[in-house]
Amino acid sequence: MDISSILQGGYQHPLSRSWQGRRQLTKSMFMYPIFITDDPDASVIIPTLPGQRRWGVNQLEGFLGPLVQKGLQSVILFGVPLTCEKDARGTPADDPSGPVILAIRKLRALFPSLYIACDVCLCEYTSHGHCGLLHTDGTINTEPSVQRIAEVAVNYALAGAHCVAPSDMMDGRIKAIKRGLIDSGLGNRCTLMSYSAKFASALYGPFRDAAGSAPSFGNRKCYQLPPAARGLARRAIQRDTAEGADIIMVKPALPYLDILADAAQLAPDHPLACYQVSGEFAMVHAGAAAGVYDLKTMAFETTESMVRAGATLILSYFTPDFLDWLEV
């Protein structure tokens, strides 16, 4: 063999194998999605999301305290209103007595070092279940949708959120939120993380069960991206960086690693997030339960593929597991 043919000497030891990756998984890379409901004492199992629950604000200290002790550094909050009166404009989304704002304030008091992000969308709070306001024919009315999304984002930031993350996919909402944050004196105090390339995926089913956010009619294919639309995703990433996004996200993660790699090329100076969504998480668990592979091994393989593609932040329901599995 030629000298250049021999590669195995470079990864024959566990330590030298670890050096082959440009970046290693660390605890700080993981952001934990948390479902907050309006029953303050709730601790409700979500059957389609193994090991996950809906939580009430009174349960957050007991639930998150041990995870913070293990190294949890960030969470992203999703409101799950079960008792409020929903309407066409998602009025309960930023209700000061609603689950998200109460949870922000509670977590800021309980865990001062915990980084708190908030998903910003209307689908959990609208009577029709869509992510924006609608015309009379049921199509998205973009301008008032963007205004309402920006209003909710600013109110989460005013309540103390370190980061707002609009997942609605309305055109122009990043610019509107950034303007709203600046006008409220929060432009340099709150991070704007954009779900820039969010695809109309079949992998959201367990999340919609957890959040009660399925649309009452139609679907979201006119505002979430078509799965084959690589060029459209690239354009959305470029638009959101130009409009002021501080972090770019790709969602889902595993089927869209090429888009994540594109984001690393298009926004090389931005942190890059990806969301290992509910269906991905459930799929890994289902395969492990069927004996197809070892759960921990596959959890590492999938998340390491995301880091390899360019991710610096991973939103994942595996976060509590990785707090045990990772040393730092």
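Source: prediction; values computed, not measured.
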Fill in the blank from the handout: Note: with side-chain heavy atoms under 4.5 Å as the link, the other cluster members for Ile182 come out as none
Practice task
For His128 and His130, indicate whether the former's side chain and the latter's backbone hold a donor-acceptor pair under 3.5 Å.
Solution key: yes
Exercise for the section: Determine, for Arg23 against Glu304, whether the closest basic-nitrogen to carboxylate-oxygen distance falls under 4.0 angstrom. Expected result: no
Practice task
Mind checking side chain to side chain contact (heavy atoms under 4.5 Å, CB included) for Gln73 and listing every partner two or more places apart, or none if nothing turns up?
Solution key: Ser28
Practice task
Give a yes or no answer on whether the side chain of Lys175 reaches the backbone of Glu243 with a donor-acceptor pair at less than 3.5 Å.
Solution key: no
Completion exercise
Residues Thr303 and Ala299: closest non-hydrogen pair is OG1-O, 2.8 Å
Problem - Separation between CD1 of Ile174 and OG of Ser194, rounded to the nearest 0.5 Å - result: 3.5 Å
Exercise for the section: Determine whether more than 12 heavy atoms belonging to other residues, nucleotides or ligands lie under 6.0 Å from atom CD of Glu301. Expected result: no
Handout entry: Summary of ring-ring contact (aromatic ring centres under 6.0 Å, His included) pairs that have at least one residue in residues 84-105, sequence neighbours excluded
Key = none
Handout entry: Asp262: partners by side chain to side chain donor-acceptor pair (under 3.5 Å), with sequence neighbours left out
Key = Arg230, Arg234
Handout entry: Ring geometry between Tyr275 and Tyr317 (parallel below 30°, tilted from 30 to 60°, perpendicular above 60°)
Key = tilted
Practice task
With the side chain counted from C-beta on, respond yes when Leu313 and Leu272 share a heavy-atom pair under 4.5 Å apart, and no when they do not.
Solution key: no
Handout entry: side chain to side chain contact (heavy atoms under 4.5 Å, CB included) assessment of Leu25 paired with Leu326
Key = CA-CA 8 Å; Leu25 286 172; Leu326 293 170; 4.2 Å; yes
Exercise for the section: Would you kindly say whether Thr302 and Gln276 are connected by a side-chain donor-acceptor distance under 3.5 Å? Expected result: yes
Handout entry: Sole candidate of Asn141, Asp168, Thr91, Asp94 that passes side-chain hydrogen bond (donor to acceptor under 3.5 Å, both in side chains) when paired with Arg148
Key = Asp94
Problem - Distance-only side-chain donor-acceptor flag, Arg53 / Ser43, under 3.5 Å - result: yes
Exercise for the section: Kindly give the heavy-atom pair with the smallest separation between Pro252 and Glu280, and that separation in Å. Expected result: CB-OE2, 3.3 Å
Handout entry: Heavy-atom pair with the smallest gap, counting every atom of Cys123 and Gly129
Key = CB-O, 3.4 Å
Handout entry: Val146 and Ile149, any side-chain heavy atoms less than 4.5 Å apart
Key = no
Problem - CA sep, side-chain torsions, deciding dist, call: His270, Ile247, side chain to side chain contact (heavy atoms under 4.5 Å, CB included) - result: CA-CA 6 Å; His270 284 64; Ile247 302 174; over 6 Å; no
Handout entry: Any residue meeting side chain to side chain donor-acceptor pair (under 3.5 Å) with Tyr156, in chain and number order, not counting sequence neighbours
Key = none
Handout entry: Asp95 and Ser97: side chain donor to acceptor below 3.5 Å
Key = yes
Completion exercise
For Ala197 and Leu225 the tightest heavy-atom approach is CA-CD1, 3.8 Å
Practice task
Would you confirm whether Lys198, through its side chain, and Ser167, through its main-chain N or O, come within 3.5 Å as a donor-acceptor pair?
Solution key: yes
Exercise for the section: Indicate yes or no for a side-chain donor-acceptor contact from Ser145 to the backbone of Leu133 under 3.5 Å, with no hydrogens or angles considered. Expected result: yes
Problem - Closest non-hydrogen atom pair, Ala273 against Met193 - result: CB-SD, 4.0 Å
Problem - Residue pairs, two or more places apart or on separate chains, that pass ring-ring contact (aromatic ring centres under 6.0 Å, His included) and touch residues 224-251 - result: none
Exercise for the section: Scan side-chain atoms only and decide if Asp38 and Thr83 contain a donor-acceptor pair under the 3.5 Å cut-off. Expected result: yes
Practice task
State yes or no: are the ring centers of Phe322 and Phe300 separated by less than 6.0 Å?
Solution key: yes
Handout entry: Close side-chain approach of Trp55 and Leu60, heavy atoms under 4.5 Å
Key = yes
Handout entry: By side chain to side chain donor-acceptor pair (under 3.5 Å) - contacts of Asp171 (at least two apart)
Key = Arg239
Handout entry: Any Leu295 side-chain heavy atom under 4.5 Å of Asp321 side chain
Key = no
Problem - From Leu192 atom CG to Leu181 atom CG, the distance as rounded to the nearest 0.5 Å - result: 6.5 Å
Problem - Gap separating the CE atom of Met31 from the CG atom of Leu72, nearest 0.5 angstrom - result: 9.5 Å
Handout entry: Pro81 backbone acceptor or donor facing Glu124 side chain under 3.5 Å
Key = no
Exercise for the section: Please indicate whether Glu85 has more than 12 foreign heavy atoms, meaning atoms of other residues, nucleotides or ligands, lying under 6.0 Å from its CD. Expected result: no
Problem - Within 6.0 angstrom of Gln8 CD, more than 12 heavy atoms from elsewhere - result: no
Fill in the blank from the handout: Sequence neighbours excluded, the answer for side chain to side chain donor-acceptor pair (under 3.5 Å) partners of Asp324 is Lys70
Exercise for the section: Look at the side chain of Gln147 and the backbone N and O of Ala176, then say whether any donor-acceptor pair between them is shorter than 3.5 Å. Expected result: no
Practice task
Check for a donor-acceptor pair, side chain of Lys27 on one end and backbone N or O of Gly71 on the other, with a separation under 3.5 Å.
Solution key: no
Handout entry: Side chain proximity check, Val57 to Pro99, heavy atoms < 4.5 angstrom
Key = no
Practice task
Would you please test Ser305 and Leu257 for side chain to side chain contact (heavy atoms under 4.5 Å, CB included) and show each step?
Solution key: CA-CA 8 Å; Ser305 74; Leu257 294 179; 3.6 Å; yes
Handout entry: Side-chain heavy atoms of Pro255 within contact of Leu203, under 4.5 Å
Key = yes
Exercise for the section: For the residue pair Thr241 and Asp269, establish whether any side-chain heavy-atom pair is separated by less than 4.5 Å. Expected result: no
Fill in the blank from the handout: Heavy-atom nearest pair, Ala161 first then Cys190, reads O-SG, 3.8 Å
Side-chain atoms of residues 100-113: list all donor-acceptor pairs with protein atoms under 3.5 Å, sequence neighbours left out, distances to 0.1 Å.
{"from": "Arg108", "atom 1": "NH1", "to": "Gly160", "atom 2": "O", "distance (Å)": "2.5"}

Handout entry: N/O donor-acceptor pair under 3.5 Å between Gln52 side chain and Leu49 backbone
Key = no
Practice task
Please confirm whether the backbone N or O of Thr126 pairs with a side-chain atom of Arg89, one donor and one acceptor, at under 3.5 Å?
Solution key: no
Practice task
Check whether any side-chain heavy atom of Val152 lies under 4.5 Å from a side-chain heavy atom of Leu122, and answer yes or no.
Solution key: yes
Practice task
Among residues two or more places apart or on two chains, list those pairs meeting ring-ring contact (aromatic ring centres under 6.0 Å, His included) that have a residue in residues 160-202.
Solution key: Tyr115-His162, Phe199-Tyr256
Exercise for the section: Each residue besides Val44 in its hydrophobic cluster should be listed here, by chain and number; the cluster joins Ile, Leu, Val, Met, Phe, Trp and Tyr at side-chain heavy-atom distances under 4.5 Å. Expected result: none
Practice task
Would you sort out whether Ile177 and Val154 count as a side chain to side chain contact (heavy atoms under 4.5 Å, CB included), showing the intermediate values?
Solution key: CA-CA 7 Å; Ile177 293 171; Val154 169; 5.6 Å; no
Practice task
Scan side-chain atoms only and decide if Asp246 and Thr191 contain a donor-acceptor pair under the 3.5 Å cut-off.
Solution key: no
Practice task
Check ring-ring contact (aromatic ring centres under 6.0 Å, His included) between Phe318 and all other residues, then give those that pass, not counting sequence neighbours.
Solution key: Phe281, His285
Problem - Hphob cluster co-occupancy, Leu260 + Ile76, side-chain heavy atoms under 4.5 angstrom - result: yes
